[in-house]
Participant: 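Provided herewith is a single structure, encoded as structure tokens, for subsequent inquiry.
Every value quoted in this text rests on a predicted model; they were computed, and no experiment measured them.
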2 protein chains.
Amino acid sequence: MAKGKSLDELTDPVFYILVALVEPRHGYAIMQYVEEETEGTFKIGPATLYTIIKKLLDSGLIEAEPDSEPRRKTYVATNYGISKLEEEVERRSRMVDLATIVLQTRGRKGQ
Amino acid sequence: MAKGKSLDELTDPVFYILVALVEPRHGYAIMQYVEEETEGTFKIGPATLYTIIKKLLDSGLIEAEPDSEPRRKTYVATNYGISKLEEEVERRSRMVDLATIVLQTRGRKGQ
DNA sequence: CTCCTTTATATCCATATTTGATATATCACT
DNA sequence: AGTGATATATCAAATATGGATATAAAGGAG
């Protein structure tokens with residue numbers, strides 16, 4: 001049901017696109033969503049967007065959905081995509097926790 | 001004091017290497033540290049490691065430190081590197097929070 | 001003393017990922 | 001008719017990553 005390579009880790013743009021597609025959205029709306037949610041700090045251009053959409057369709061993380069407007073293509077995360085996103089949230093959460101502890105431990109030097 | 005490009009976002013291996021270098025470590029010890037801390041789920045090979053060490057030295061996030069053993073090269077994060085790591089932890093934390101909220105909101109459909 | 005494993009650093013090159021630039025077309029507004 | 005926003009799409013270049021490989025010294029086993 002998926003043919004991509006690993007998918008053990010999701011990159012930043014893949015992560016944001018999957019988050020956007022927890023609700024159905026078309027490509028352009030994904031770009032706007034990510035820019036708004038990150039207050040302009042993370043932007044996804046069309047090249048990155050459509051490259052990744054293709055990859056996510058191929059690997060079964062998202063699927064196409066019918067849209068009323070003919071010139072738009074709407075996508076949404078599959079159940080598989082949602083669970084992959086949940087895994088990735090946990091993975092990133094652990095990364096944050098590790099770094100937080102390490103940074104805390106530092107400072108109180110020696111002992 | 002830094003000549004790298006953006007550094008606005010750190011990739012996964014860069015993140016792990018910087019976390020490892022909150023305390024002084026030499027290259028091989030970084031590889032072992034990351035593998036241990038991630039329980040074998042994330043491995044950094046020599047190619048990735050030394051490529052990134054070079055990049056981090058160039059951009060001033062880490063610096064070399066004298067080591068008793070002559071055949072080892074020890075590195076440690078600079079103050080600049082620590083603050084970059086802190087920023088990145090916050091950035092990733094916000095990503096986790098966003099995804100968590102979005103995933104929570106889903107499920108209770110309509111309204 | 002020789003073999004093997006671990007430690008340790010380093011690079012080549014192929015593959016994967018990302019992105020700037022560009023192209024096309026429709027729609028809304030003036 | 002012209003401009004800006006909407007909307008999808010691709011090319012080519014730049015970046016990033018990782019498997020394989022090379023080198024060498026140290027430590028332990030037999």
Side-chain angles (χ1 to χ4, degrees), chain A residues 2-18 20-21 24-36 38 40-59 61-62 64-76 88 95, chain B residues 2-18 20-21 24-36 38 40-59 61-62 64-76 88 95:
Chain A
K3 67 178 181 191
K5 298 97 251 278
S6 71
L7 287 171
D8 278 349
E9 295 111 22
L10 308 183
T11 60
D12 286 358
V14 172
F15 183 87
Y16 276 124
I17 290 171
L18 249 193
L21 292 182
R25 276 191 176 89
H26 61 274
Y28 194 76
I30 295 170
M31 288 196 262
Q32 291 177 313
Y33 174 80
V34 173
E35 185 163 353
E36 279 163 32
T38 64
T41 54
F42 200 92
K43 285 173 196 173
I44 295 174
T48 307
L49 180 76
Y50 294 106
T51 305
I52 290 175
I53 283 177
K54 224 170 274 169
K55 206 186 80 175
L56 293 181
L57 284 171
D58 281 354
S59 49
L61 298 195
I62 65 171
E65 226 188 38
D67 192 298
S68 49
E69 309 257 350
R71 75 169 165 142
R72 295 199 300 214
K73 292 189 186 171
T74 297
Y75 307 96
V76 69
E88 179 66 13
M95 289 178 80
Chain B
K3 67 178 182 191
K5 300 97 248 288
S6 72
L7 287 172
D8 278 349
E9 294 111 23
L10 308 183
T11 60
D12 286 358
V14 172
F15 182 88
Y16 277 123
I17 290 171
L18 249 193
L21 292 182
R25 277 191 176 86
H26 61 273
Y28 193 76
I30 296 170
M31 289 195 261
Q32 292 177 314
Y33 174 81
V34 172
E35 186 165 352
E36 279 164 32
T38 63
T41 55
F42 201 92
K43 285 173 196 172
I44 295 175
T48 307
L49 180 76
Y50 293 106
T51 304
I52 291 175
I53 283 177
K54 225 171 273 168
K55 207 186 78 176
L56 293 181
L57 284 172
D58 280 355
S59 48
L61 298 195
I62 65 171
E65 224 188 39
D67 193 297
S68 49
E69 309 257 348
R71 73 168 166 144
R72 295 198 301 215
K73 292 188 185 170
T74 297
Y75 308 95
V76 68
E88 178 66 13
M95 290 178 79

Participant: Just the rounded figure in Å: distance from P of dT18(C) to CD1 of Ile53(A).
Facilitator: 14 Å

Participant: Any side-chain N or O of Lys54(B) under 4.0 Å from OP1/OP2 of dA10(C)?
Facilitator: no

Participant: Separation of Asp12(A) atom CG from dT17(C) atom C1', in whole Å?
Facilitator: 12 Å

Participant: Distance check needed: dA16(D) P versus Asp58(B) CG, whole Å only.
Facilitator: 12 Å

Participant: Atom CG of Leu56(B) and atom P of dT15(D): how far apart are they, to the nearest Å?
Facilitator: 16 Å

Participant: Which residues pass the side-chain contact (heavy atoms from CB on, under 4.5 Å) test with Thr48(A), not counting sequence neighbours?
Facilitator: Pro13(A), Ile44(A), Ile52(A)

Participant: Which nucleotide in the set dT10(D), dA8(C), dT18(C) lies at the smallest distance from any side-chain heavy atom of Arg72(B)?
Facilitator: dA8(C)

Participant: Which parts of nucleotides 19-25 of chain C does protein reach within less than 4.0 Å, heavy atoms only, written one letter per nucleotide 5' to 3' as B for base, S for sugar-phosphate only and - for none?
Facilitator: BBB----

Participant: Under 6.0 Å from the six-membered ring centre of Tyr33(B) and within 45° of its axis: does the NZ or CZ of Arg25(B) meet both?
Facilitator: yes

Participant: Is there a side-chain contact between Leu61(B) and Leu7(B) (heavy atoms, below 4.5 Å)?
Facilitator: yes

Participant: Does OP1 or OP2 of dA5(D) have a side-chain N or O of Gln32(A) closer than 4.0 Å?
Facilitator: no

Participant: Under 4.0 Å between a side-chain N/O of Tyr50(B) and OP1 or OP2 of dT9(C), yes or no?
Facilitator: yes

Participant: How would you list, by chain and number, every residue that makes a ring-ring contact (aromatic ring centres under 6.0 Å, His included) with Tyr16(B), sequence neighbours excluded?
Facilitator: Phe42(B)

Participant: Taking only residues two or more places apart in sequence or in another chain, which ones pass side-chain contact (heavy atoms from CB on, under 4.5 Å) with Glu35(A)?
Facilitator: Lys43(A)

Participant: Could you pull out the closest heavy-atom pair between Pro24(A) and Glu65(A), with the gap in Å?
Facilitator: CB-OE1, 3.4 Å

Participant: Arg71(B): which residues meet the salt bridge (Lys or Arg N to Asp or Glu O under 4.0 Å) condition with it, sequence neighbours left out?
Facilitator: none

Participant: Nearest whole Å is fine: how far is dT18(C) P from Met31(A) CE?
Facilitator: 16 Å

Participant: Take the protein atom NZ of Lys55(B) and the nucleotide atom C1' of dA16(D), then report the distance between them rounded to whole Å.
Facilitator: 8 Å

Participant: Using whole Å, report how far CD1 of Ile30(B) lies from P of dA10(C).
Facilitator: 11 Å

Participant: How long is the line joining OH of Tyr16(B) and C1' of dA16(D), in whole Å?
Facilitator: 17 Å

